[in-house]
There are 2 protein chains.
Amino acid sequence: MVAMPHTPASAKPTATRKDVARLAGVSTAVVSYVVNGGPKRVSPATEAKVRTAIAALGYRPNAAARALKLGSSEMLGMIVPDTTNPFFVMLAHAVEEAAAERGYALLIANSDASIASERRHMGNLASRRVDGVFLSSVLFEPDLRELEAAEIPVVLLNHSAESPGFASVGVDLQEGARLAVEHLAGHGHTRIGLVMGTNTGGGLDGREVGWLEGVREAGLVPGPIIRAPFRRPAGLEVARELAGRPDRPTALFASSDILAVGLLRGFHETGIRVPEDVALVSFDGSPEAEFSWPGLTTLAQPIQEMARSAVDALVTGGSPSNRIFPPTLVRRASCGC
Amino acid sequence: MVAMPHTPASAKPTATRKDVARLAGVSTAVVSYVVNGGPKRVSPATEAKVRTAIAALGYRPNAAARALKLGSSEMLGMIVPDTTNPFFVMLAHAVEEAAAERGYALLIANSDASIASERRHMGNLASRRVDGVFLSSVLFEPDLRELEAAEIPVVLLNHSAESPGFASVGVDLQEGARLAVEHLAGHGHTRIGLVMGTNTGGGLDGREVGWLEGVREAGLVPGPIIRAPFRRPAGLEVARELAGRPDRPTALFASSDILAVGLLRGFHETGIRVPEDVALVSFDGSPEAEFSWPGLTTLAQPIQEMARSAVDALVTGGSPSNRIFPPTLVRRASCGC
DNA sequence: CATCGAGAGTTACTCGAGTCAACAGAATCT
DNA sequence: AGATTCTGTTGACTCGAGTAACTCTCGATG
């Protein structure tokens, strides 16, 4: 350590509004007015002086002071259950972008599908006075006492059930699953199974309902339902198990791309061909579905629109609404197309 | 909208320290002392009274006020260039965990590999007075004026070149690449190509140096170098192009898992078998490498350790150091093992 | 000419929490 | 007993920015 070439000796400890005011020869109030296009008008001449001073000092308003006075941190929080799942990563990214467009920063917290951790993060967000929280809970009926006590608006994101009293944004799981089964039945399959990701919270997943609906509509008898956690290795296990079954279904609907990725891997290992021996349709529309081999036919969620809608729901307030978006079928090779 | 079952009529607008003090019958100072294990001792009896009042009111200290007084937001910022790349997602997740252990929240911003966006985010983080920033820049010599002006410490994360004056944490790209080539040469390959992700910033990537070193050590002539952006579709393009070449190399080192995933997909399409026709080793150690078919032999980065080290570098301060971690070779099927 | 009003600036208070100087009372020492 | 230390508590000031309420100037209107 010889020197600090990047830190000049003149250690100016961050300029404040007062410094700007002094340098520009005006009061602190006008500085605020200039910075915020404030509630009062400022003459062009003084505005110019202030702007020059701001530039000269490299002044930036202190967000903490602003937040204290305004009672708004201009931050939103988001709790995601699983950063291992690319779907949630995409969702978080889309929300971050939509929030940034409205001038909000996003504080992302990972609950790792643990209820304790989810609650801890909610407390943290509450004390940071975020202006709203996007919650992708692992629970069906999340415990929102912390946030309610702090009067922080919440939108349940990726929550497709109607939750009275709360805003929510989700995708039409049931219709998506129905579409998937319809498509597989259209390829001539008669034994269509379901690989269902298990959610911690209990409650019936719409995909299960839609799958059953699709099977019934096609006049078939329901294939087996296999339950497994929402993770790649779980899909792999399922495939291995399925490989040993004599009465293996000829088609599967997987409730998530990552489950399908695991399945694919397992089928490759055991020499079962996709789609020839087993056809596959999954859910989410992540890049992994596109680049796997064979490419996965999947029900893509309109992530950008969902994110935008969720951000709107938070920043514009209004009465809590439940928005459900339709997924769209993306045809690739895994279904036999 | 009939009613708001979750919001009782008694809208208590978030309790402050003063409310707690009043209810407990003490001064506001003791409340602070209790909350922070403050600089002064408090008798057990009063502490109990305060604790009761805190619980009764659901009091939470206002983070904005705290930040204003302390000059520290207890937040760290992180700028990642590409949330499409699972490596950065894992890194961000690991950093978030390590930061949380130290009591810091993480503000994650996505620069989408754009310099303008990177700079905008740095300005934003500066005005939010984060206590430090992890920067995974797309640039070789990032422009840190904003952060320097605000006296915010930075650690260059995923930066393997020595940058005098800055703390940095990275992986030994060169040694990793050398290891990869050594391994491929050990399988008997003599024409070993390089698929190199292009970085916007210019400057020589250590993986290129290590690849060349490995080839030389094995007494071989260097195979072709193919450059492409760090994205899955780019890998796919490269594979298609390679498929048409008569002098195709028998082995490839790809500088990133996502490039290799694209390659794999392209080779499948064109009927080229991996590892029989082309052996493949890649870099990063993401889950996609594990679940692709065939599984990718890859140089796994010690992400947890890197994250921990980066957080330490920020919160403990000290003189800026350059920490380089060794990657480890994970053998799977794509190399021919 | 007196009065009003618009426009430009300034002063001073406020948000909620951290913490220091001051102080009261109890405990210890000489 | 008087002096000294220690313990527990409090009032008051501070951080930086937003803004209501006030002052001052100048021109227009009755």
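Quick caveat: nothing in here was measured; it's all calculated off a predicted structure. The sequence lines fix the lettering, A, B, ..., with proteins before strands; numbering per chain opens at 1. The figures that follow rest on heavy atoms only: side chains count, while hydrogens, waters and symmetry mates do not.
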Task: Phosphate OP1/OP2 of C:dA17 contacted by B:Tyr59 side-chain N/O (<4.0 Å) - done: yes
Open item on the list: On a heavy-atom basis, which atom in B:Asp312 and which in B:Thr316 lie closest, and how many Å separate them?
Closed with: O-OG1, 2.7 Å
Task: Residue A:Pro61, side-chain atoms from C-beta onward, closest of D:dT9, C:dA8, D:dA17 - done: D:dA17
- [ ] Take atom CZ of B:Arg22 and atom P of D:dT9, then tell me their distance rounded to the nearest Å.
- [x] 19 Å
Open item on the list: For a quick check under 3.5 Å, do A:Asn322 and A:Ser168 share a side-chain donor-acceptor pair by atom type?
Closed with: yes
Open item on the list: Just to be sure I understand the rule, does A:Val31 reach a base, reach only the sugar-phosphate, or reach nothing, if contact means heavy atoms closer than 4.0 Å?
Closed with: nothing
Open item on the list: If you only use heavy atoms from C-beta on, which nucleotide in C:dG9, D:dA12, D:dG18 is closest to the side chain of B:Thr28?
Closed with: D:dA12
Task: Closest to side chain of A:Ala29, choosing from C:dT10, C:dT19, D:dA17 - done: C:dT10
Open item on the list: To check you understand the geometry: which heavy-atom pair defines the closest contact between A:Thr84 and A:Pro86, and what is its length?
Closed with: O-CD, 3.4 Å
Task: 5'-most by nearest nucleotide on DNA chain C - B:Asn36 or A:Val30 - done: A:Val30
- [ ] Look at the side chain of A:Tyr33 against the base of D:dA20 and say whether a donor-acceptor pair falls under 3.5 Å; ignore hydrogens and angles.
- [x] yes
Open item on the list: OP1 or OP2 of D:dT9 versus the side-chain N and O atoms of B:Thr46: is any pair under 4.0 Å?
Closed with: yes
Task: C:dT11 phosphate, OP1 or OP2, under 4.0 Å from A:Ser27 side-chain N/O - done: no
Task: Residues A:Arg308 and A:Glu101 bridged, charged N to O under 4.0 Å - done: yes
TODO: Assign B:Arg17 to base, sugar-phosphate, or nothing according to its heavy-atom contacts below 4.0 angstrom with the strands shown.
DONE: base
TODO: Indicate, yes or no, whether a donor-acceptor pair under 3.5 Å links the base of C:dG16 to the side chain of B:Arg60.
DONE: no
TODO: Could you tell me whether A:Leu68 contacts a base, only the sugar-phosphate backbone, or nothing, with contacts defined as non-hydrogen atoms closer than 4.0 Å?
DONE: base
Open item on the list: Which nucleotide wins on minimum distance to the side chain of A:Asn62, given the candidates C:dG16, C:dA17, D:dA17?
Closed with: D:dA17
Task: Gap between atoms CD and C1', on A:Glu47 and C:dG7 respectively (whole Å) - done: 15 Å
- [ ] Look at the side chain of B:Ser43 and decide which nucleotide, out of D:dG16, C:dG18, D:dT9, has an atom nearest to it.
- [x] D:dT9
Open item on the list: Please give me the minimum heavy-atom distance between A:Met306 and A:Val169, naming the atom from each residue.
Closed with: O-CG1, 3.7 Å
Task: Phosphate OP1/OP2 of C:dG18: any B:Arg66 side-chain N/O under 4.0 Å - done: yes
Open item on the list: With hydrogens left out and only the distance checked, is there a donor-acceptor pair under 3.5 Å joining B:Arg129's side chain and the base of D:dG16?
Closed with: no
Task: Side-chain-base donor-acceptor pair under 3.5 Å for A:Lys69 and D:dT19 - done: no
Open item on the list: Looking at every non-hydrogen atom in both residues, tell me the closest pair between A:Ser73 and A:Asp131 and how far apart they are.
Closed with: N-OD1, 3.3 Å
Open item on the list: By the 4.0 Å heavy-atom rule, please label B:Val26 as base, sugar-phosphate, or nothing.
Closed with: sugar-phosphate
Open item on the list: Can you work out whether A:Ala64 or B:Val42 has the more 5'-proximal nearest nucleotide on DNA chain D?
Closed with: B:Val42
